[in-house]
Amino acid sequence: QSQELSQAHIDYHVALQALQEHGTRMVCTGKMHTDRVCRFDYLCYCSEAEEFVFFHSNSSVMLPNLGSRRFQPALLDLSSVEDHNTQYFNFLELPAAALKFMPKPVFVPDVTLILNRFNPDNLMHVFHDDLIPAFYTMKQYSDLDDEARLVFMEGWSEGPHFDLYRLLSSKQPLLKEQLKNFGKLMCFTKSYVGLSKMTTWYQYGFVQPQGPKANMLVSGNEIRQFARALMEKMNITTNVEKEKDGGSAEDEKERKDDYVVVFSRSTTRLILNEAELIMALAQEFQMRVVTVSLEEQPFPSIVQVISGASVLVSMHGAQLITSLFLPRGAALVELFPFAVNPEQYTPYKTLATLPGMDLHYVSWRNTKEENTITHPDRPWEQGGIAHLEKEEQERILESRDVPRHLCCRNPEWLFRIYQDTLVDIPSFLEALKEGLKTKPSVKKSKPASTVHPGRVRQPQCQTSVQTTNEAKLTVSWQIPWNLKYLKVREVKYEVWIQEQGENTYMPYILPQQNYTFSENIKPFTTYLVWVRCIFNKNLLGPFADVLMCRT
Ligand code: UDP
C-alpha cells in the first residue's frame with residue numbers, strides 16, 4: 001500500500017520525453033561537499049547497480065560543475081555528519097541517448113528528499129542527525145512540504161524509531177531496500193539530496209575527541225519549534241495554557257502539579273538504587289517523582305510526561321535527547337558512571353545550554369569505585385574487556401579516568417560507560433544543591449529577548465585643541481532605529497577610540513548618547529571612533545561606520 005507511487009498523477013510519456021530531451025538538471029547550494037544540498041530534476045536511480053544516474057543531454061545542467069573534483073572526495077554528505085567517508089553521495093553519468101537501451105524508467109511524482117540516516121537504532125542520533133536536520137532542510141525548500149517523500153539510502157531496515165521518521169511527512173518514507181520493488185530504473189521528477197547541518201550541535205569524535213561543534217548555528221528557539229511541531233504530530237497537548245494564567249491561587253495549584261521525571265534504562269548502564277534515588281528526589285524537591293523508560297512506554301507518552309516536568313534525571317545516554325521536550329525553566333540532571341568525566345561527553349549539556357533553550361543543567365559523577373558494577377565479560381561492544389591483553393585489562397581496571405579518545409571503539413571508554421551505578425545520595429544531593437542555586441521553575445522562566453540593537457544613527461565627532469598637549473573629542477549619536485519600538489531593560493553604548501596607526505584601542509561603555517573625551521586625547525592627531533549599542537549587557541549591535549576625527 002505504502003509503496004504505490006500513483007503513476008496516474010503524471011503523464012508517463014510527457015515525463016519520459018522530458019527526461020530524454022532535457023536530461024537531468026542539478027543546481028546545488030554550498031561551496032564544499034560538507035555544506036552542500038542539491039536539487040535535481042530527473043535524477044534517476046538504478047537499483048541493479050545501486051547507483052544514482054545523471055543523464056546528459058543538450059539542456060542538462062550540473063552546477064557546481066566540478067569535473068573530476070566531484071570525486072575528491074564526493075559531491076556531498078548524504079547524512080548530517082560532517083565528511084564521514086561512509087556517507088558520501090555521488091552519481092554516475094550517462095548520455096540521455098542511453099535511455100533507449102535501458103529498462104523503462106518508473107517516475108516518482110512526489111517531491112523527494114534523499115538522505116542517509118546516520119544511526120537509526122540510537123534515539124539521540126535519530127533526533128540530532130536525522131529528524132531535526134530533515135525537518136529544517138524541508139523548511140528551507142518550500143516544495144518539501146507535508147506531501148514530500150523521504151528516501152533513506154543508508155541501507156538499514158526501518159529500525160526501532162521509524163514511527164518518528166513517519167512524522168516528517170504524510171507519505172511513508174522509503175528505504176533503499178524497497179527501491180528495487182519499483183523496477184530497475186527509477187527517476188525522481190523533483191528531488192533534493194543531502195541534509196542541512198545547520199541544526200547539529202555535536203560532533204562524535206571521528207577526527208578529534210567528541211564535543212560541541214566548533215561553529216554552532218542553532219539556538220534553543222529552533223529546537224523548541226521542532227519539538228512543538230513534532231508534539232503536534234503526535235497529538236500531545238502541552239500545559240502552556242496553564243502556565244499563561246497568573247494569580248497566586250494558580251501558583252499554588254501549579255506547585256502541586258510539579259513533578260520530577262526519572263528516565264530509567266532497563267538493560268545497560270543501570271541506576272542500581274533507583275528507589276532510593278526517587279525517595280531522595282521527592283524529599284529534596286517536595287514533588288512527586290515519576291519514572292519513564294523506552295522499554296515500558298510508547299514514545300509519545302514519554303514525551304507527554306517530559307513536556308510537563310520540572311526536573312529530568314537520568315544516566316548519560318541516548319534517552320536524554322528527550323530533554324528537548326522539557327519546558328523552559330526545567331532542570332536536566334545527568335548522571336555519569338565511575339571514571340567518566342562529564343565535561344568530555346556533553347551532547348545533552350550542549351543541548352540544554354543552547355542560547356534560548358532555557359534549561360538548567362547539572363551533572364553528577366560517581367567518584368566511589370565501590371559503588372560501580374563493571375561488566376568485563378560482556379561482548380566488547382557492551383564494554384567487555386576480556387578479549388584484551390592482561391596488562392591492558394589491568395591498566396583499564398586501575399584507571400580512575402578514561403583518557404580522551406576518538407570514536408567509536410575505545411575499549412576503556414566502552415568498559416566505563418557501560419557500568420551500573422549505585423548513586424551515592426549525599427553527594428548527588430550536594431551536586432543538585434550546588435548546580436541548582438536557583439530552583440527550577442517552569443513558571444518563572446520567560447523566553448529571554450533576543451532582539452539585537454540596530455546601528456546607532458548619525459554618529460558625529462567634534463574636536464577642539466586646548467593647549468599644546470591637551471585636546472577634546474566629543475562623540476555623539478542617535479539611538480538605533482529599532483529601539484523606539486522596544487522595551488529594553490538596559491541600553492548602553494560602547495565607544496572604541498583608536499589613534500590612527502596604532503594597533504590598540506580604548507573601549508568605553510556609556511549610558512548616554514554623547515560624551516566628551518579629554519584623557520589621552522592629543523592635539524593634531526587623527527582618531528578612529530567606533531560606536532555601537534548594547535541591550536541588556538550582552539546583546540551587541542553592529543558598529544556604525546567608523547568616524548575619522550582630527551583634533
Ligand atoms: N537503550 C534503552 N535502554 C537501555 C539501554 C539502551 O532504551 O537500557 C536505548 C538507548 O536509548 C538508545 C539505544 O538503546 O536509543 C542504544 O543504547 P546505547 O547504550 O548503545 O547508546 P547510548 O545510550 O549510550 O547513546
Side-chain angles (χ1 to χ4, degrees), residues 86 118-126 156-157 159-161 202 204-206 209-211 262-278 291-297 313-322 333-349 363-428 431:
T86 64
F118 187 70
N119 182 356
D121 285 350
N122 181 300
L123 195 63
M124 189 280 173
H125 287 281
V126 169
W156 295 33
S157 58
H161 306 293
Y202 208 69
Y204 300 124
F206 295 109
Q210 63 170 274
V262 172
F263 205 140
S264 80
R265 294 170 59 107
S266 351
T267 56
T268 60
R269 206 175 305 145
L270 306 176
I271 298 170
L272 295 168
N273 55 338
E274 219 167 79
E276 194 188 357
L277 179 71
I278 288 167
T291 61
V292 293
S293 89
L294 288 168
E295 289 91 345
E296 268 148 55
Q297 274 135 309
V313 182
S314 180
M315 264 295 158
H316 172 80
Q319 71 286 347
L320 273 178
I321 193 63
T322 55
V333 184
E334 183 174 15
L335 313 178
F336 287 82
F338 180 75
V340 177
N341 183 347
E343 290 308 311
Q344 291 171 18
Y345 308 96
T346 58
Y348 313 110
K349 178 186 182 178
S363 66
W364 172 88
R365 164 187 191 173
N366 176 21
T367 53
K368 296 191 166 161
E369 194 160 9
E370 65 271 24
N371 285 350
T372 196
I373 301 290
T374 61
H375 300 284
D377 298 322
R378 286 189 180 166
W380 70 267
E381 68 276 13
Q382 287 168 42
I385 52 170
H387 63 291
L388 301 175
E389 306 245 331
K390 262 269 151 311
E391 287 108 77
E392 181 62 357
Q393 292 187 31
E394 272 158 26
R395 187 193 62 75
I396 290 176
L397 288 169
E398 270 163 36
S399 167
R400 302 181 55 87
D401 225 327
V402 177
R404 285 197 171 265
H405 58 91
L406 295 180
C407 191
C408 311
R409 297 184 169 198
N410 182 291
E412 182 170 357
W413 152 248
L414 292 172
F415 174 69
R416 290 306 185 184
I417 199 58
Y418 280 113
Q419 294 169 112
D420 301 329
T421 305
L422 195 87
V423 176
D424 177 66
I425 301 299
S427 86
F428 172 75

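Residue indices begin at 1 and follow the sequence shown.
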Visitor: Taking all heavy atoms of W364 and all of S427, pick out the closest pair and write down the distance.
Guide: NE1-OG, 2.8 Å
Visitor: So, the side chain of T346 versus the backbone of E343: is there a donor-acceptor pair under 3.5 Å, distance only?
Guide: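 It does not hold such a pair.
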Visitor: Would you say that F415 contacts T374 through its side chain, given a criterion of any heavy-atom pair below 4.5 Å between the two side chains?
Guide: yes
Visitor: Inspect the surroundings of CD in E370 and state if more than 12 heavy atoms from other residues, nucleotides or ligands are less than 6.0 Å away.
Guide: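 Buried by this count: over 12 neighbours within 6.0 Å.
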Visitor: Find out whether D121 and P160 are in side-chain contact, i.e. whether some heavy atom of one side chain is under 4.5 Å from a heavy atom of the other.
Guide: yes
Visitor: Walk me through it: do M315 and I271 pass the test side chain to side chain contact (heavy atoms under 4.5 Å, CB included)?
Guide: CA-CA 7 Å; M315 264 295 158; I271 298 170; 3.9 Å; yes
Visitor: Do you know the tightest heavy-atom contact between R378 and T268?
Guide: NH1-CG2, 4.0 Å
Visitor: Suppose we screen for ring-ring contact (aromatic ring centres under 6.0 Å, His included). Which residues come up paired with H375, at least two apart in sequence or across chains?
Guide: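 Partners of H375 under the ring-ring contact (aromatic ring centres under 6.0 Å, His included) test: none.
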Visitor: Determine whether the side chains of S314 and E334 contain a donor N or O and an acceptor N or O closer than 3.5 Å.
Guide: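 Checked: S314/E334 side chains show no N/O donor-acceptor pair below 3.5 Å.
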Visitor: Enumerate the residue pairs fulfilling salt bridge (Lys or Arg N to Asp or Glu O under 4.0 Å) with a member in residues 266-278, sequence neighbours excluded, ordered by first and then second residue.
Guide: none
Visitor: Taking all non-hydrogen atoms of both residues into account, name the closest pair between K368 and D424 and its distance.
Guide: NZ-OD1, 3.4 Å
Visitor: Do L272 and T421 have side-chain heavy atoms sitting under 4.5 Å apart?
Guide: no
Visitor: So which atom in P411 and which in L388 form the shortest heavy-atom distance, rounded to 0.1 Å?
Guide: CB-CD1, 3.8 Å
Visitor: Between I278 and V262, is the side chain to side chain contact (heavy atoms under 4.5 Å, CB included) condition met? List the steps.
Guide: CA-CA 8 Å; I278 288 167; V262 172; 4.1 Å; yes
Visitor: What I'd like to find out is whether the side chain of L123 reaches to under 4.5 Å of the side chain of T322, using heavy atoms alone.
Guide: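 A side-chain contact under 4.5 Å exists here.
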Visitor: Kindly give the heavy-atom pair with the smallest separation between F206 and C407, and that separation in Å.
Guide: CE2-SG, 3.9 Å
Visitor: To the nearest 0.5 Å, what is the distance between CG (L270) and CG (L422)?
Guide: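 One gets 11.5 Å once the value is rounded to the nearest 0.5 Å.
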Visitor: Counting C-beta onward and ignoring hydrogens, is there a side-chain heavy-atom pair between P347 and M124 closer than 4.5 Å?
Guide: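 Yes, side chains in contact.
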Visitor: Is D401 paired with R365 through a side-chain N to carboxylate O contact shorter than 4.0 Å?
Guide: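 Judged by the 4.0 Å cut-off on N to carboxylate O distance, R365 and D401 do form a salt bridge.
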Visitor: State whether the side chain of Q393 and the backbone N or O of I385 hold a donor-acceptor pair below 3.5 Å, judged by distance alone.
Guide: yes
Visitor: List the atom of S363, the atom of P342, and the distance in Å for their closest heavy-atom pair.
Guide: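 Residues S363 and P342, closest heavy atoms: OG-CB, 3.6 Å.
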Visitor: Can a donor-acceptor pair be found, under 3.5 Å and without considering hydrogens, that links the side chain of Q297 to the backbone of S293?
Guide: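 Present.
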Visitor: Tell me whether R265 is salt-bridged to E295, with the criterion being a basic N under 4.0 Å from an acidic carboxylate O.
Guide: no
Visitor: Start with the C-alpha distance between L294 and F263, add both sets of side-chain angles, then the distance that settles side chain to side chain contact (heavy atoms under 4.5 Å, CB included), and finish with yes or no.
Guide: CA-CA 8 Å; L294 288 168; F263 205 140; 3.9 Å; yes
Visitor: Scan F338, F336, F428 and name whichever one has a side chain to side chain contact (heavy atoms under 4.5 Å, CB included) with N366.
Guide: F338
Visitor: Take H316 and I417 through the side chain to side chain contact (heavy atoms under 4.5 Å, CB included) test and state the conclusion after the steps.
Guide: CA-CA 9 Å; H316 172 80; I417 199 58; 3.7 Å; yes
Visitor: Any side chain to side chain donor-acceptor pair (under 3.5 Å) involving residues 408-419? Give me the pairs, sequence neighbours left out, ordered by first then second residue.
Guide: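 For residues 408-419, and leaving out neighbouring residues, the side chain to side chain donor-acceptor pair (under 3.5 Å) pairs sorted by first residue read T372-Q419, R395-E412, S399-E412, R416-Q419.
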Visitor: Main chain of Q210, side chain of Y345: is a donor-acceptor contact present, judged purely on distance under 3.5 Å?
Guide: no
